[in-house]
Each structure stands twice: as structure tokens, then as C-alpha cells.
2 protein chains.
Amino acid sequence: MRLTTKSSYGVRALISLAIMYDRKRPVPIKDISREEEISGVYLEQIFNRLKNQGLVRSIRGPGGGYALVRDPSDISVYEVVMALEGSVNPVRCVSGKGEKKECGRIATCASKEVWREMARRIKETLGDFSLRDLAGRTLELDPGKARKAQLYEKSLS
Amino acid sequence: MRLTTKSSYGVRALISLAIMYDRKRPVPIKDISREEEISGVYLEQIFNRLKNQGLVRSIRGPGGGYALVRDPSDISVYEVVMALEGSVNPVRCVSGKGEKKECGRIATCASKEVWREMARRIKETLGDFSLRDLAGRTLELDPGKARKAQLYEKSLS
DNA sequence: TATAAGCTTGACTTTTTTAGTAAGGTATAT
DNA sequence: ATATACCTTACTAAAAAAGTCAAGCTTATA
């Protein structure tokens, strides 16, 4: 019953972008990598997917980096997880769209109803958290982070 | 975001036991294996865990097999999944009891609150389904199964 | 316009987990 | 006795997860 690290890293990374969102400045991967102690090369893969799914956009060259495409209050953790995991179904046979290997006994399998409901509730739950929520909560839990963001800001001007 | 096949097999297998529960007769693994098209040797592993977690008891020798320890209405899918997966947490760092590798930044990590809530809701959801529910639903979906169970009964008397 | 910052792409490797097998044993009803 | 069925430990193959590597492409800025 585990998400891959892509999701947990991805969410943490996007919280960083959310915190920086108002400053209208892209955040380079290297910064997130250092700050969150996540392999930079691995993060690149993750951002690649996020970009392909339309959650972030990229700006190349010096001063470049990644930024959220939409307002953080408009992006839910569900979207991030979907972008990175592809699905939220607990078993293969309860297929969304692109999933294969239905198990044959689908028509008469009662347990599939459990898994379906489970997916529904997970979607609901993750949909309740926006990146803005989490960014706000992060600053509450770690005021140092707000300070750091400001310093970073200053060092650029 | 996947459960292992242990859980889906396990639930399906226990639905079979639930259907047989009233007849007060243990069900041998071989039968479930044939009926549900699941590797018998693999099922043994699964039942081993279920037994260690106190969900089923075993009766050895000819005419033996496995049976539910408690009434099907008193056993939820959550218990089965916990017995077979060990946990329902979507990430390692949100640890229940026996889980390791807390990630150090726990104190200031906002996303962990998402994962915690997610685990809570999964528990809630799976707790809502009892084996009796699923056994009943199975007989609804597949009336042939009820007939088969009766035949099986007859062949023994 | 050279340079360096930073994204882009695809293939590759390593580690861990999953999904089983294999092979022997033990208990027990008949 | 013997066949049925559980019990236990160890092993293995395949897939997935988690990262690494290498070589590029874009663009701001000095």
C-alpha cells in the first residue's frame, strides 16, 4: 500500500514552488535538490512528468527553473499524485482507462467493489489538499523557511 | 498505489470461507485454489499469515482445511489487508508502530499530514466492508456459487 | 559572442519487492 | 497404514522502484 517516492518527492518539491509562487520567479532544480535533500537527477525525471502533465512549466537558461502553471490554491495533491503515479487504484483489475489485465471474473467479483470505493475515497481525500494549503502549513511548521525564501530573494536583487 | 496480490487473493479466499461459514465445515486450500484460480502453494503462505494474525484457524488431516475464527460480519476487509500488508500507510515516514526510516524532517513536513489523513481514510473505508457483506454480494452477483456450495455439501454427506 | 546556468532526453544500473516454487516435514481421520 | 491436508523454511525469477550517466539543447548576461 505504498506510493512511490516520486509522489512524496513531487509533492514536497511542488510545495517549494508554491511558496515561491508569489515572487514570480522560477525555481531551479538544484535549489530544491539541496533544500529537500533529493537527488537532483532524479528530480529532473519527476519534473519532466509534471511538465508533461501540465502542472509546471520550465524556463531555460540562467535564471531559469520551474514554476507552477496555475495558482497553488487550484492544484490538489490528487493531481500531483496522478501525474506521478498514473493511477490511484489499489488493484490492477479495477481499471481506470489505460489499465490492462482485467481478471476475467470481474463481472462476479464482489471484492472489486471494495477496491473501487477505496480509489474513490483516496481521490476525495487527496483532492481536499491544495498546494496552497500545504505551503501555508509548511511556513507555520518551519518559519525558518519563510526567512530563507526572503534571503534568497534578496541575494538575487 | 497498489496493494499486493496477497490482499486481493486473501480477500477473495476469505469470502469463500465466509460463504461456507454457516456449514461449519473447514475449506481446504486446494478447493479455493481451484475455484479462484490462485496458486495453491502461494495461498498457503497467505493463509499462514491469516492464521498468525488470528483471522482463521486450521484443521489438519483429511476433511480438514481452514475456517474463519469469528463471524464473517465481525471481520472487515481492513483487518484482512492489515494482516497481509502489515500497514496501510502510503509512505514509509508516516509510521504506525513497527515502521522505520523516519525521514528526519518529520517535524516540519506538511505533506506528512496528507499521508496520515490518507491512511486514516483508507482504514475507515476498508473498515466499512465486512466479509459477510462481500459474501452476500458474491452470491447476488454469482448465483451459481450458491448452487455449487450446496452440491459440495451434498457430495460430502 | 562566449560562457555558464539550467532544462531535455534516453538509456543504463542497482536495489528492493513481489510473486511465486521446491522440498521436505507433521498431524489425523478412516 | 495411508491418504489427506496443513506446516515450515528456503530459494528464485521477474518486475518495479530508485537512481545514475552521458550527451545534448536554450538562453541570459557579461
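All chains are named by letter (A, B, ...) in the order of the sequence lines, taking the proteins before the strands, and each is independently numbered beginning at 1. These numbers were taken from a predicted model, which means no experiment stands behind them.
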Partner of A:Glu79 under salt bridge (charged side-chain N to carboxylate O under 4.0 Å, His left out), chosen from A:Lys123, A:Arg70, A:Arg49: A:Arg70
note: A:Arg57, atom CZ; C:dG6, atom P; distance rounded to Å ~ 16 Å
Is any side-chain N of the basic residue among A:Arg137 and B:Glu113 closer than 4.0 Å to the acidic one's carboxylate O? yes
Atom CZ of A:Arg25 and atom P of C:dA5: how far apart are they, to the nearest Å? 18 Å
B:Ile38 CD1 to C:dT21 P, straight-line distance once rounded to whole Å: 12 Å
In whole angstroms, the gap separating P of C:dG20 from CG of B:Leu43 amounts to 10 Å
Flag for A:Thr125-B:Glu117: side-chain donor and acceptor within less than 3.5 Å: no
Expressed in angstrom and rounded to an integer, what is the separation of A:Lys6 atom NZ from D:dT20 atom C1'? 13 Å
Whole angstrom value for the distance that separates P of C:dG10 from CZ of A:Arg49: 13 Å
In whole angstroms, the gap separating C1' of C:dG20 from CD of B:Glu36 amounts to 18 Å
Taken to the nearest whole Å, CZ/A:Arg2 to C1'/C:dT15 is 17 Å
Can you tell me how far the OH atom of A:Tyr66 sits from the CG atom of A:Asn48, to the nearest 0.5 Å? 6.0 Å
If the cut-off is 4.0 Å, is B:Tyr9 near the phosphate of C:dG20, judged by side-chain N/O to OP1 or OP2? yes
Mark up nucleotides 4-16 of chain D, 5' to 3', with B wherever a protein heavy atom is under 4.0 angstrom from a base atom, S wherever such an atom reaches only the sugar-phosphate, and - elsewhere. BSSBB-------S
So does B:Ser39 get a side-chain nitrogen or oxygen closer than 4.0 Å to the phosphate oxygens (OP1/OP2) of C:dT21? yes
Say whether A:Ile32 and A:Leu141 are linked into one hydrophobic cluster, either directly or through other cluster members, by side-chain heavy-atom distances under 4.5 angstrom. no
Hydrophobic clusters here meaning ILVMFWY residues chained together by side-chain heavy-atom distances under 4.5 Å, can you tell me if A:Val56 and A:Ile59 are in one? no
